[in-house]
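Read the structure below first, then the notes.
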2 protein chains.
Amino acid sequence: MTTIRDVARHAGVSPATVSRVVNGMPGYSSATRDRVTQAVAELGYEPDTLARGLKTMQSTMIGVLAPVVSDALASQVMSGVERAARELGYSVMLGRTGPGSEFAPGYLHTLRTYRAAGVVLISAAITADMRRVAGPKMPLISVAIRDGKQFPSLAIDDERAAYDATRHLLGLGHERIGLLAGDATSLLVNAPRERGYLRAMTEAGATPLLERGNSLYDSAPPALGRLLERDPALTAVFALSDEMGAAVVNELQRLGRRVPDDVSVLGFDDTRTAQHVHPALSTVAQPLERMGEVAVHHLLDAGNGGARILPHRLIERGSTGPARRTP
Amino acid sequence: MTTIRDVARHAGVSPATVSRVVNGMPGYSSATRDRVTQAVAELGYEPDTLARGLKTMQSTMIGVLAPVVSDALASQVMSGVERAARELGYSVMLGRTGPGSEFAPGYLHTLRTYRAAGVVLISAAITADMRRVAGPKMPLISVAIRDGKQFPSLAIDDERAAYDATRHLLGLGHERIGLLAGDATSLLVNAPRERGYLRAMTEAGATPLLERGNSLYDSAPPALGRLLERDPALTAVFALSDEMGAAVVNELQRLGRRVPDDVSVLGFDDTRTAQHVHPALSTVAQPLERMGEVAVHHLLDAGNGGARILPHRLIERGSTGPARRTP
DNA sequence: TTGTAGGCGTTATCAT
DNA sequence: ATGATAACGCCTACAA
């Protein structure tokens, strides 16, 4: 292994000078800079991250924690985090919080012993306990979830997004719009979306109709069944996740209903799943990759508390269309 | 921050003793062990990973690198890696190799400066250059790709898996089976699968028919078009990725063909995508999560070179069935 | 502009 | 069984 002393010897200077050159600190002639640079190249020297971190009391590590590592939404945010981190010279450490954030403290602890520069939590709210184990030096930010004003967070305005989306369906002439919501455990994202839907429906004088799944694919067909039982003449279903939306598209067709001619379907999130059904799922897009990138920047800018809002966007694919005329 | 000296003072012993207790080395009475253990608990002491790594010249970090972080297949392997690593007390660092592995050396370099305990490469072959920048201490293993015998790898037997799958379709009475292959850049996985298909077809006296996509969803419809043009009486399509398989299921139905009554469709990998279409995609399953776990174990067992094979498995869902009788 | 020296928190060697 | 001490590789006052 090449150390800073090797380079120093090779270039005929002191370790301190090498350090200065490598870190771009002032204090050397351009001649020595060249000699050092060359020595570095020749020996293939790279500063040891551990030693550097130990000395500076800070590492260039960023943690990224998600409830489930293989989740489609989380993957996209992680991708953004990774890209931004790398661009800024940081590395990212991956962890899993578990569905109820139960593993988060353990990972935060580890991250702390690495003197991580910060942590982004995906789809998981920051708790006082997490804040405590993270210690005073390590900033936390949660993404894709609205987390009050107490801790930093980065998300779309879920209430408004659901409101806009419902208005869009109303604008297409739909009145009997069923909402397929997620379960209560992900309350922080579901509650505002439900409110948005409710508000739009009420304003339009339409009758709200709500059933719950658990945001995953398999939970949607039974919930759709309950929705159709309560109103067989439904002309639109608004699912609060793309997986549920995709399942609804498939299930409706299995039941002999055409999408979107008989029933329109709208999803939420704009994960890749939305494009894996036919007709492709119209959906409320969250800028997931971008959220990951922005989160990293906020983290490193000592992004202080408060909730930041990113813009949502409605993407029309093939699963939505004008309401079927009631004869 | 609590250091080992704080604990030592608190327990009335020397730092060396604390270290011994914490690391389970011999050399202390049970009385002092208890005092130290209690002091550790009271002060919430956790050894600093950086300092420890610096001293021991080894860190408990494992790298996991994938061509694209948000890829479904890679996500599942990563999930397995993360789980196994955590269980063994290791942390995982995430990186992106890029489609042609072009970024791999950079990440390997970083990992080396972290003195990582090893690196698992997903869907990326190890090259001599990578091996070089990884240095002599850091083991590498590639997963979900067959990598000759030169470097460690962990994958299914792609040739055999495709052979078995094709035989399965033949067994259902299909003779006109089109193969939807991936592009040439992922040659290491595609070539053997193509060979397996070809061998099964030839053995059965059937006529092979092959078109290429790029493994992603959007590439499948046009390729399917070409397949149908060359043989409109096709009764089965074997797609070498689930995304392409899902697209084929959707596209066939759009074209008015029933799945599986008119045409059977078989996918490959068993990612979540396979379950996001209707009928759900039958597919050749790779044990992705398991591969991630096993990779970690091999890495830490100083897993020497050579290709390790994990078993594949055919999963029948709704997209395959007996061949349509030719009247 | 450049070099010397001390210490970050830990483990390992050598005394006691 | 326990403690003092020296490194691991780096950065950064402080001196020169």
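Heavy-atom basis, side chains included; hydrogens, waters and symmetry copies ignored. Lettering follows sequence order; numbering is per chain, from 1. Note that the coordinates shown come from a computational prediction; the quantities given were computed from them, not determined experimentally.
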Could you state the CD1-P distance from A:I4 to C:dG7, rounded to the nearest angstrom? 19 Å

Check the phosphate of C:dT2 against A:S29, side-chain N and O only, distance under 4.0 Å to OP1 or OP2. Yes or no? yes

Nearest heavy-atom contact between A:S215 and A:G182 is OG-CA, 3.7 Å

Compare the minimum distances between each of C:dT2, D:dG9, D:dA4 and the side chain of A:Y28, then state the nucleotide with the smallest one. C:dT2

Taking for each residue the nucleotide of DNA chain D with the nearest heavy atom, is it B:L54 or B:T32 whose nucleotide lies nearer the 5' end? B:T32

Could you tell me the separation between the CG atom of A:N23 and the P atom of D:dC10, rounded to a whole number of Å? 10 Å

Classify A:S19 by what it touches in the nucleic acid, base, sugar-phosphate, or nothing, heavy-atom distance under 4.0 Å. base

Roughly how many Å is it from CG in A:L50 to P in C:dG7, rounded to a whole number? 22 Å

CE of A:M25 versus C1' of C:dT2: gap in Å, rounded? 15 Å

Please state how far atom CG in B:D34 lies from atom P in D:dA1, giving the value in whole angstrom units. 15 Å

Does D:dC10 have its OP1 or OP2 closer than 4.0 Å to a side-chain nitrogen or oxygen of A:Y45? yes

When A:P15 and B:T2 are each assigned the nearest nucleotide of DNA chain C, the 5'-most assignment goes to A:P15

Sugar-phosphate only, base, or nothing, as touched by A:R115 at under 4.0 Å among non-hydrogen atoms: sugar-phosphate

The side chain of A:R5 lies closest to which of these nucleotides: D:dC10, D:dT12, D:dG3? D:dC10

